[in-house]
Amino acid sequence: MLEIYNSYSKKKETFKPVAEGKVNIYTCGPTVYSNAHVGNFSAFLMADVLVRYLKYKGYDVKWVMNITDVGHLTDDNEVTDDGEDKLEAASKRENKTVWEIARHYEDLFMGDIRTLKLFPADKYPRATEHVEEMIEMIKILQQKEVIYETSDGVYFDISKFKKYGKLSGNDIEALQAGSRVEINEDKRSAYDFALWKKLTGKNEKHIMQWDSPWGTGFPGWHIECSAMSKKYLGETLDFHTGGEDNKFPHHESEIAQSETANCKPFANYWMHKSRVIVNNEKMSKSLGNFFTVQDLLKLGYTPESIRFTFVSVHYRSKLNFTEEKLVESQKSIDKFNDFIQFLIKSEETVENSSISSIIKSTKQQFEKAMDDDLNVSGALAPLFGFMKSIRKQINSSGISAKNKDEILHFMKSINSIFEVFDFEEKKEKKLSISDQKTVEELIKKREQFRSEKNWVEADKVRDELNKMGVKIEDKK
RNA sequence: GGCGACGUAGCCAAGUGGUAAGGCAGAAGUCUGCAAAACUUCCAUUCACCAGUUCAAAUCUGGUCGUCGCCUCCA
């Protein structure tokens, strides 16, 4: 049984899907105003592992990740005009239209998703293409009398939703006391959040705009997730995932909107990815201490090592990101891949009766750890032990073709979650005939030097062969 | 100021009441130079600190210190 730590109840709970055998997952995706960094991806990778493990367990998974391509207001230092929208700021910076900016960064994002081998979601809905649905939902909220209109927008009255604050553990009264939110005179509470913003004041010249019953303007940040998750996955989600920083106010507001509009629980399980840390500071766009996937590839790290680094640490612990970690990850992956090559190339001899039971117990341990709130580190340990035992069996008793298939089948099922192993048999590269002759001569030459114990010359020849792409591994 | 998470070896990281997984790095050895891979052995009397509960605590309770996150756009 899969147990998941539910951020809403703050307890581990046994997973039960809304519909038998099916799972709906909604993940808060990127805001496409600049390059997503690996900290962003670590949250998406958490969802990816969840999706893949549920598939591994045989569930029919439907996964939706939104693309936020509507600019939302910002007050950070990125722009001088106070309160300029991020997309518009990027548009000025890069001299492109807001639409071009959004599409450009969305394309980069989709490219990175493929590089990091995230399982393709069933749908990546764009906020700008669902403004109709958002307006419909706001209308429902209006009928339920939980919203009010001011000169600059339409707001959700959080006093009408008693559970507001439960997810983040915030007490609204207490929040108000230590508030850093600028008081908007027209709002009843500083924490009432916008559903619709009008083109007035600092938003007068907002470029992305739509008509609505409340005047021309643009949607608030939170409503898109409520509207799109409902459209594609229904009123009650099995899982809602995102970064922990989205808990408040974003997810809190989504719950208020959706549950008020639908009169149903919004999500049964909430999963939040802890922040990625760099030098004891969060990795974030505003601090500028981030790496993008492309940055790391340029430094020579493989997509697999990036993926493994973020996947192998439990999603609820802070991951301190370093380049050393990428190197370690690569070593772990190499260890698996070396094992796979060893396995593929080992001679098929006799049936080995121990193989099945080794696989069985490894699988059991692996699943036990994964079932415990996706404990990947715990699940990895038995796999290292597995490789050791199998190697021993092959060296001492040999294996049959059937055994090999069994082992590979198991490794592939594990890899359906990790996606970092390489099952392709590494064959000797084909050399041209002239190269072949040279290589043979060089090997002979080296053997000659070795028999003469002329190690200096022998190593020189080995270096030369290495340069030609020929690896020399001495065996007894 | 309010809310939350966390503190396990040189590093990364499991373990949440029954006597410290695993990986990396390191040390020694086997494989008749070296290197690579593999294998064998070693590498935390102790889990930030202090009290308490218990036959038994890294695990539970209280306190102290420290770190990080959220409370404003962020995954």
Side-chain angles (χ1 to χ4, degrees), chain A residues 7 10 12 27-31 33-34 36-47 65 68 71-76 78 83-86 89 165 168-182 191 221 241-250 252 272-277 280-287 290 309 312-314 316-320 322 324-325 327-332 334-335 338-339 341-342 365 369 372 375-385 387-388 391-392 395 449-450 453-456 458-459 462-463 466 471-476:
Chain A
S7 320
K10 295 168 182 55
K12 273 188 198 169
T27 298
C28 278
T31 305
Y33 66 92
S34 71
H37 55 72
V38 293
N40 303 135
F41 277 102
S42 83
F44 307 139
L45 282 166
M46 170 193 79
M65 185 192 289
T68 299
H72 293 291
L73 302 181
T74 175
D75 280 318
D76 63 27
E78 205 175 328
E84 187 168 18
D85 149 331
K86 288 209 158 161
S168 55
N170 278 320
D171 174 59
I172 299 305
E173 307 268 319
L175 266 181
Q176 243 129 13
S179 178
R180 284 154 58 194
V181 176
E182 216 179 300
Y191 288 93
W221 174 36
T241 80
E244 65 171 349
D245 44 312
N246 274 159
K247 264 190 197 176
F248 189 92
H250 185 53
E252 204 78 76
H272 288 100
K273 172 73 177 73
S274 287
R275 277 280 186 173
V276 172
I277 304 295
N280 282 331
E281 265 186 336
K282 66 173 175 176
M283 182 185 286
S284 77
K285 286 181 186 172
S286 37
L287 290 172
F290 60 86
T309 296
S312 63
V313 175
H314 189 89
R316 278 192 292 124
S317 57
K318 287 172 295 194
L319 181 135
N320 193 18
T322 57
E324 286 73 28
K325 200 122 201 358
V327 174
E328 274 188 29
S329 293
Q330 189 61 54
K331 282 183 182 166
S332 294
D334 288 346
K335 210 161 177 168
D338 285 347
F339 171 77
Q341 289 306 311
F342 168 77
Q365 292 172 67
D372 182 12
N375 183 352
V376 176
S377 310
L380 241 24
L383 296 182
F384 285 100
M387 291 192 285
K388 231 178 221 186
R391 277 191 123 107
K392 246 187 209 166
N395 288 330
F449 285 131
R450 292 188 68 205
K453 297 194 194 265
N454 186 347
W455 311 125
V456 178
D459 287 352
R462 181 166 59 191
D463 287 344
N466 277 340
K471 249 193 190 166
I472 297 291
E473 288 173 11
D474 293 328
K475 277 179 195 154
K476 202 197 160 187

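Each chain gets a letter, A, B and so on, in the order the sequences are listed, and its residues count up from 1.
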According to a strict under-4.0 Å criterion, is A:Arg275 in side-chain N/O contact with OP1 or OP2 of B:rC70?
yes
Using a 4.0 Å heavy-atom cut-off, does [X] contact any base of the nucleic acid, only the sugar-phosphate backbone, or nothing at all?
X	result
A:Lys10	nothing
A:Lys247	nothing
A:Val376	nothing
A:Gly165	nothing
A:Gly39	base
A:Arg391	sugar-phosphate
A:Met387	nothing

The contact string for nucleotides 10-23 of chain B, one letter per nucleotide 5' to 3', using protein heavy atoms under 4.0 Å with B, S and - for base, sugar-phosphate only and none, comes out as -BSSSS-----BSB
So which of A:Arg316, A:Met46, A:Glu244 actually passes side-chain contact (heavy atoms from CB on, under 4.5 Å) with A:Lys273?
A:Met46
Which of A:Met65, A:His250, A:His272 passes side-chain contact (heavy atoms from CB on, under 4.5 Å) with A:Cys28? Answer is A:His250
Over 60° means perpendicular and under 30° means parallel, so tell me whether A:Phe44 and A:Phe41 are parallel, tilted or perpendicular.
perpendicular
Is there a Watson-Crick or G-U wobble partner for B:rU53 with both distances under 3.5 Å, and if so, which one is it?
none
Both distances below 3.5 Å, Watson-Crick or wobble geometry, any strand: find the nucleotide opposite B:rC6.
B:rG66
Let me spell it out: for each of A:Ile277 and A:Cys28, pick the nucleotide of RNA chain B with the closest heavy atom. Which residue's pick is nearer the 5' end?
A:Ile277
Closest to the 5' end of RNA chain B, once A:Asp338 and A:Gly169 are matched to their nearest nucleotides, is A:Gly169
Less than 4.5 Å apart, any side-chain heavy atom of A:Val276 and any of A:His37?
no
Taking the side chain as C-beta and beyond, is there a heavy-atom pair between A:Lys335 and A:Phe384 under 4.5 Å?
yes
